[in-house]
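Bear in mind the structure is a predicted one, so any value in this text is a computation, not a measurement.
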Amino acid sequence: SMAKLSTIADTTKVPLETLKNQITELSNETGVASADIAESVYNAISAGQDTGDAVNFVSESLKLARAGFTDSAAATDILTTALNAYGMEASDVTRVSDVLIQTQNLGKTTVGELASQMGRVIPTAKQVGVQFEELNAAYAVMTANGINTAQTTTYLSSMLNELGKQGSSADKAFREGTKHIKEGGLSMAEAMEQGWSLTDVLSILDEQAAASGTTISNMFGSAEAGKAATVLWDNASQLNGVLEQMNTAAGATDEAYGKLNTTSFQTQLILNQLKNTGIELGTSILQMIAPALQT
C-alpha cells in the first residue's frame with residue numbers, strides 16, 4: 001500500500017517513512033486498517049489534495065465516514081468533490097464535514113446517500129451561486145418532507161439547471177420579476193452574488209406565478225424542477241431555519257463521532273493496534289531474513 005502511495009505522493013514535502021508513521025498512528029486512533037487509510041490518502045492526493053494535507057484530510061473523512069454510516073472511500077469522494085467544486089482550501093474540510101452531518105441530522109438521509117448523489121448537482125449549484133450550506137439545507141428540507149435523496153438530487157438539479165439556463169421559462173420569469181433592480185432583469189447567478197437566498201429567488205417566481213394566475217411549479221419547463229420549487233417554497237420558513245443551523249454546524253462531526261465510542265469500537269481499536277504491531281514486527285523479521293531467503 002505504501003509502495004502504491006509513493007507513486008503519487010510528493011515525498012519532497014513529506015518523506016514516505018513519515019507518511020507511513022502518520023498513517024499507522026491514524027489507524028491506531030480510528031480502528032481503520034492502515035492499508036485502507038493508505039488507499040484513502042492515495043485517493044485524496046489523486047483528487048487534488050496536497051501531500052502535506054492528505055493524512056489530516058483523511059482523518060476528517062474517517063470521522064465523517066463513521067458518523068455518517070458510510071465507508072471512507074465514499075466520505076473521501078464527497079469531501080473532495082465539494083472542496084474542488086467550490087474552490088475551498090484543505091482547511092475547510094471540517095466545515096464541509098459538519099454541514100453534511102447536520103444535513104443527516106435534520107433531513108431523512110445519511111452521509112452515505114448524500115455521497116452517492118450530490119456529485120450530480122454540486123457543479124450546477126456552484127455555477128448558479130448556491131453555496132454548499134444552502135444546497136445542503138435544501139436536501140434536508142426536501143428529504144424531511146418525504147422525497148428520497150436520489151429524487152431530491154434529480155429535482156434540485158433540474159430546478160437549478162433551468163434557473164441558470166438563459167432563455168428558459170424560469171430564467172425569463174425571474175428576469176421579468178427583477179427588472180426593477182436592473183434593466184433586463186437579473187440572472188440567478190447575479191442575484192446570488194448580491195447576497196440573495198434561494199427563498200428570495202423563489203419568492204420572485206411565486207410573485208410572477210400569482211400575476212399570471214398560476215402556481216410556482218408552472219414557472220418551470222419540467223415537472224421535476226417544478227416539484228423542487230413547490231416543496232422548497234411551501235416550506236420556505238423551514239428552509240431559512242435549516243440554513244441558519246447549517247451556518248452554525250461547527251462541531252457536528254466530532255459530536256456524532258463521540259457518541260459512537262462504544263465498547264465494541266474500543267475492542268476494534270485494540271485489535272487494530274495489535275494488527276499494526278504485527279505489521280511492524282513482520283516487516284522487521286522480513287528485513288532480517290531477506291538475505292538468507294535470497295541465498
Side-chain angles (χ1 to χ4, degrees), residues 19 21-34 36-41 43-45 47 49-50 52-86 88-116 118 122 131-137 139-141 143-144 149 241-273 276:
L19 274 175
N21 292 336
Q22 290 175 345
I23 288 169
T24 302
E25 183 179 348
L26 182 58
S27 175
N28 288 334
E29 291 172 358
T30 60
V32 177
S34 52
D36 291 341
I37 294 178
E39 181 70 19
S40 293
V41 172
N43 290 335
I45 296 173
Q49 290 301 305
D50 187 86
D53 299 322
V55 175
N56 180 64
F57 178 90
V58 170
S59 175
E60 293 298 325
S61 76
L62 291 176
K63 285 184 185 178
L64 177 63
R66 182 164 175 78
F69 313 109
T70 188
D71 56 54
S72 59
T76 300
D77 182 55
I78 185 61
L79 289 174
T80 53
T81 297
L83 289 176
N84 290 341
Y86 281 95
M88 290 187 268
E89 302 293 330
S91 57
D92 292 315
V93 65
T94 303
R95 176 167 68 91
V96 172
S97 177
D98 288 340
V99 168
L100 290 167
I101 290 295
Q102 192 77 307
T103 306
Q104 177 177 272
N105 292 341
L106 299 175
K108 287 168 62 178
T109 186
T110 65
V111 172
E113 291 173 322
L114 293 169
S116 68
M118 285 188 79
I122 284 176
Q131 295 301 309
F132 188 67
E133 287 82 356
E134 192 154 25
L135 177 62
N136 277 267
Y139 265 96
V141 169
T143 57
T149 308
V242 169
L243 180 57
E244 286 183 18
Q245 290 176 276
M246 291 297 171
N247 290 325
T248 56
T253 305
D254 283 340
E255 183 180 351
Y257 186 79
K259 290 178 180 178
L260 297 172
N261 190 17
T262 60
T263 303
S264 62
F265 179 58
Q266 288 299 318
T267 304
Q268 179 185 340
L269 285 178
I270 294 168
L271 291 174
N272 196 62
Q273 288 165 5
N276 286 334

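- Under the 3.5 Å distance criterion, with hydrogens and angles disregarded, a donor-acceptor pair is assigned to the side chains of Ser27 and Asn276.
- At distances below 3.5 Å, at least one donor-acceptor pair connects side-chain atoms of Gln268 with backbone N or O atoms of Gly31.
- Distance alone, capped at 3.5 Å, places no donor-acceptor pair between the Asn247 side chain and the Glu244 backbone.
- Under the 3.5 Å distance criterion, the side-chain polar atoms of Asn84 are matched with a main-chain donor or acceptor of Ala47.
- Not one N or O on the side chain of Gln102 forms a donor-acceptor pair closer than 3.5 Å with the backbone of Ala252.
- Ile23 approaches Val55 most closely through the heavy-atom pair CG1-CG2, 4.4 Å.
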Query raised in the report: Going through the checks in order, is the side-chain contact (heavy atoms from CB on, under 4.5 Å) test met by Asn272 and Thr30?
Result: CA-CA 9 Å; Asn272 196 62; Thr30 60; 5.9 Å; no
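- Once rounded to the nearest 0.5 Å, the distance linking CG of Leu64 with CG of Asp98 reads 9.0 Å.
- Put simply, the side chain of Ser97 never gets that close to the backbone of Thr94: no donor and acceptor are under 3.5 Å apart.
- Summarising the geometry, atom CD1 belonging to Ile270 is positioned 6.5 Å from atom CD belonging to Gln266; distances are rounded to the nearest 0.5 Å.
- At least one donor-acceptor pair under 3.5 Å links the side chain of Thr81 to the backbone N or O of Asp77.
- For the atom pair CG (Leu243) and CG (Leu135), the distance works out to 11.0 Å, reported to the nearest 0.5 Å.
- Within the 3.5 Å criterion, the main-chain N or O of Ala54 finds no donor-acceptor partner in the side chain of Gln49.
- Across Gln104 and Thr109, no two heavy atoms sit closer than the pair CG-O, 3.4 Å.
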Query - Residues Thr80, Phe57; criterion side-chain contact (heavy atoms from CB on, under 4.5 Å); working and verdict - result: CA-CA 9 Å; Thr80 53; Phe57 178 90; 3.3 Å; yes
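- Remark: Ser116 pairs with no residue by the side chain to side chain donor-acceptor pair (under 3.5 Å) rule, at least two apart or across chains.
- Nearest heavy-atom pair across Arg66 and Tyr257 is CD-CE1, 3.6 Å.
- With values rounded to the nearest 0.5 angstrom, Asp71 atom CG is found 8.5 Å from Thr76 atom OG1.
- Sorted by first and then second residue, the salt bridge (Lys or Arg N to Asp or Glu O under 4.0 Å) pairs involving residues 245-258 (not counting sequence neighbours) are Lys63-Asp254, Glu255-Lys259.
- For Glu133, the side chain to side chain donor-acceptor pair (under 3.5 Å) partners two or more places apart in sequence, or in a different chain, are Arg95.
- A distance of 6.0 Å separates CE in Met118 from CG in Leu100, rounded to the nearest 0.5 Å.
- Nearest heavy-atom pair across Ala90 and Asp53 is CB-OD2, 3.7 Å.
- Note that OG of Ser91 and CG of Leu83 are 9.0 Å apart. Values are rounded to the nearest 0.5 Å.
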Query - Verdict with supporting geometry, Ser61 and Val58, side-chain contact (heavy atoms from CB on, under 4.5 Å) - result: CA-CA 5 Å; Ser61 76; Val58 170; 4.0 Å; yes
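- Leu260 approaches Ala67 most closely through the heavy-atom pair CD1-CA, 3.9 Å.
- Closest approach of Leu269 and Glu29 over heavy atoms only: CD2-O, 3.3 Å.
- Within the 3.5 Å criterion, the main-chain N or O of Phe132 finds a donor-acceptor partner in the side chain of Asn136.
- Within the 3.5 Å criterion, the main-chain N or O of Thr110 finds a donor-acceptor partner in the side chain of Glu113.
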